[in-house]
Amino acid sequence: MTLSMGVSGGISEETAGTGEVIFPEGFVWGTATASYQIEGAANEDGRGPSIWDTFSRTPGKVFAGHTGDVACDHYHRYRDDVAMMADLGVQAYRFSMAWPRIQPDGSGPVNPRGLDFYDRLVDELHGHGITPLVTLYHWDLPQALEDRGGWTSRETAERFAEYAAVAYGRLGDRIATWTTLNEPWCSSFLGYGAGVHAPGRTDPGAAFAAVHHLLLGHGLAVAELRAAGAAQVGITLNLAPISGDDPEAVAHIDGLQNRIFLDPVLRGEYPADVVERARRFTDWSFVRDGDLDIIGAPIDVLGVNYYSPTAVRLRAGQPANPVHPGSEGIAFVQGDEEKTAMGWSVKPSGLTELLTRVSRDYPGTPLIITENGAAFDDVLADGRVADERRIAFLDGHFRAAHAAIAAGADLRGYFVWSLMDNFEWAEGYAKRFGLVHVDYASQRRTPKDSALWYREVIRRNGLQA
Ligand SMILES: OC[C@@H]1[C@@H](O)[C@H](O)[C@@H](O)c2nc(CNc3ccccc3)cn21
């Protein structure tokens, strides 16, 4: 089953907010994870160091000095984790491959034991009737490539395409949907601009070079995957609806958050306003003739990660937000909506707004929600986690996705972030996004109430009244 073979439309009448909603036949329900966040086995079977191994060992960068050395020990426990997914009725599973497992130095020699792990994982998934959706890059860049400039260097884009071909060569016969990057916005603006993610650089000009080379890597990898016969290729972007009273402020942030990625990938061009505003930080000389044709090669599916909307307003004297270069005078404001444990506003209608906007402005590409979920302060008591807030969060967002389908969005599937609690980047293990609770001391998994609730949603292909 490929993920874009579903049928959009043809849905029952919806009662907003509380009534029964049924999703289109063939709609795919899944869960998502990422290699560095769950695998552990950081120094096992030939895996090389990644920038997150380096960053998490840098004092002060990650909560309490947490690292992904062990994480959820998924590298050793994958069979039980897949069986757990099957028990939860999960139809598809989005996971990422660790480039440093497959090419420890990011180029050259391939580590067969790294490929062997994903071989075993994919066979286990198929053995349980679970469709794999792979992310080739979810932030764990081989450190050796960062030592040569990382995503600020064109060479990394070229090495990424080679890695994609290696991965496809071993697993292309069993994985139908290949997404290249997870959230190039995070890799570039958090990793090279604000320095709050690996590799921890704080150089806006480097962030724009990283934007380009990440996108170029995407395009070069798409070409390799197409040449090798991939059934479906795509990319995952974290997107958000941007609201505010000042059109210029909204356009500025919408440009840096959304359009700087959507336009190249889906239109083959950078948004002119973003290019001009960024000239304070870069001369864009890293863009070569033909790059945008490579980046804009057609894709089969766009992965959308949505968590929370963004609201901005003008504020005199407001210093620039380091995550958003050139945002002097723009304040990021929070509404009075409920907040998650990450401090993110809970606004399901933002998902409807986002999906309908992308469908309107970038028509023709099927969408998948590749991540949506929430961290709450879960408590395990008597073998149970009564995470009612997560159930309410997901219920609201599922209804919002359904409303977008009703409004014409070609949405094919939904992957809840995350299958299980895991390493939450700079927050370490302090934040829990999982449908399944993980006791890191014992590695015991406990499906939360939300996991049991999700099992019923999947069985019904929708929500009860
Ligand atoms: O933070 C939850 C997840 C994270 O665990 C995933 O690895 C990543 O793909 C992901 N992206 C977002 C949305 N973007 C974002 C915004 C600020 C900081 C980090 C990520 C949330 N998440």
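Side chains are part of it too, since the values below use all heavy atoms of this structure and drop only hydrogens, waters and symmetry mates. No experiment lies behind these values; they were computed from the predicted model shown. Whatever order the structure lists them in is the order used to number ligands and atoms, beginning at 1.
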What is the closest protein heavy atom to [atom], and at what distance does it sit?
atom	answer
atom 17 (C) of ligand 1	Trp344 CZ2, 4.1 Å
atom 3 (C) of ligand 1	Tyr307 OH, 3.5 Å
atom 14 (N) of ligand 1	Glu183 OE1, 3.6 Å
atom 9 (O) of ligand 1	Glu371 OE2, 2.7 Å
atom 18 (C) of ligand 1	Leu190 CD1, 3.8 Å

Show me the side-chain donor-acceptor pairs of residues 387-394 shorter than 3.5 Å, one per line, residues at least two apart or across chains.
unit_1 : atom_1 : unit_2 : atom_2 : d
Asp387 : OD1    : Asp449 : N      : 3.2
Asp387 : OD1    : Ser450 : N      : 2.8
Asp387 : OD2    : Arg390 : NH1    : 2.8
Asp387 : OD2    : Ser450 : OG     : 2.5
Arg389 : NE     : Glu338 : OE2    : 2.8
Arg389 : NH2    : Glu338 : OE2    : 2.7
Arg389 : NH2    : Lys339 : O      : 2.8
Arg390 : NE     : Ala374 : O      : 3.1
Arg390 : NH1    : Asp378 : OD1    : 3.1
Arg390 : NH1    : Asp378 : OD2    : 3.1
Arg390 : NH2    : Ala374 : O      : 3.1
Arg390 : NH2    : Asp378 : OD2    : 3.0
Arg390 : NH2    : Arg432 : O      : 2.9

What atoms of ligand 1 come within less than 4.0 Å of a heavy atom belonging to [X]?
X	answer
Phe433	1 (O), 2 (C)
Glu424	1 (O), 2 (C), 4 (C), 5 (O)
Asn182	9 (O)
Trp425	4 (C), 5 (O), 6 (C), 7 (O)

Find the distance between NE2 (His397) and NZ (Lys347) and round it off to the nearest 0.5 Å.
10.5 Å
When the ring planes of Tyr118 and Phe95 are compared, do they come out parallel, tilted or perpendicular, using 30° and 60° as the limits?
parallel
Basic-acidic side-chain contact under 4.0 Å: Arg277, Glu248
yes
May I ask you to decide whether Asp361 forms a salt bridge with Arg357, counting only side-chain N to carboxylate O separations under 4.0 Å?
yes
So, is the end of the Arg267 side chain (NZ or CZ) under 6.0 Å from the ring centre of Tyr362 and within 45° of the ring's axis?
yes
Does only the side chain of [X] get under 4.0 Å from ligand 1, or the backbone, or both, or neither? Count heavy atoms.
X	value
Gln37	side chain
Phe423	neither
Cys186	side chain

In a table with atom names and distances, give each donor-acceptor pair under 3.5 Å that connects a side chain of residues 212-220 to protein atoms at least two apart or in another chain.
unit_1 : atom_1 : unit_2 : atom_2 : d
His212 : ND1    : Tyr270 : OH     : 2.7
His212 : NE2    : Asp291 : OD2    : 2.8
His213 : ND1    : Trp151 : O      : 3.1
His213 : ND1    : Thr152 : O      : 3.1
His213 : ND1    : Ala209 : O      : 3.1
His218 : ND1    : Thr180 : OG1    : 2.7

With nothing but distance in play, are any N or O atoms of [X] less than 3.5 Å from an N or O of ligand 1?
X	result
His197	no
Trp185	no
His138	yes

From the list Asp300, Thr177, Thr179, side-chain hydrogen bond (donor to acceptor under 3.5 Å, both in side chains) with Gln232 holds only for Thr177
NZ of Lys448: more than 12 outside heavy atoms within 6.0 angstrom?
yes
Taking CZ in Arg444 as the centre, count heavy atoms belonging to other residues, nucleotides or ligands within less than 6.0 Å. Is the count above 12?
no
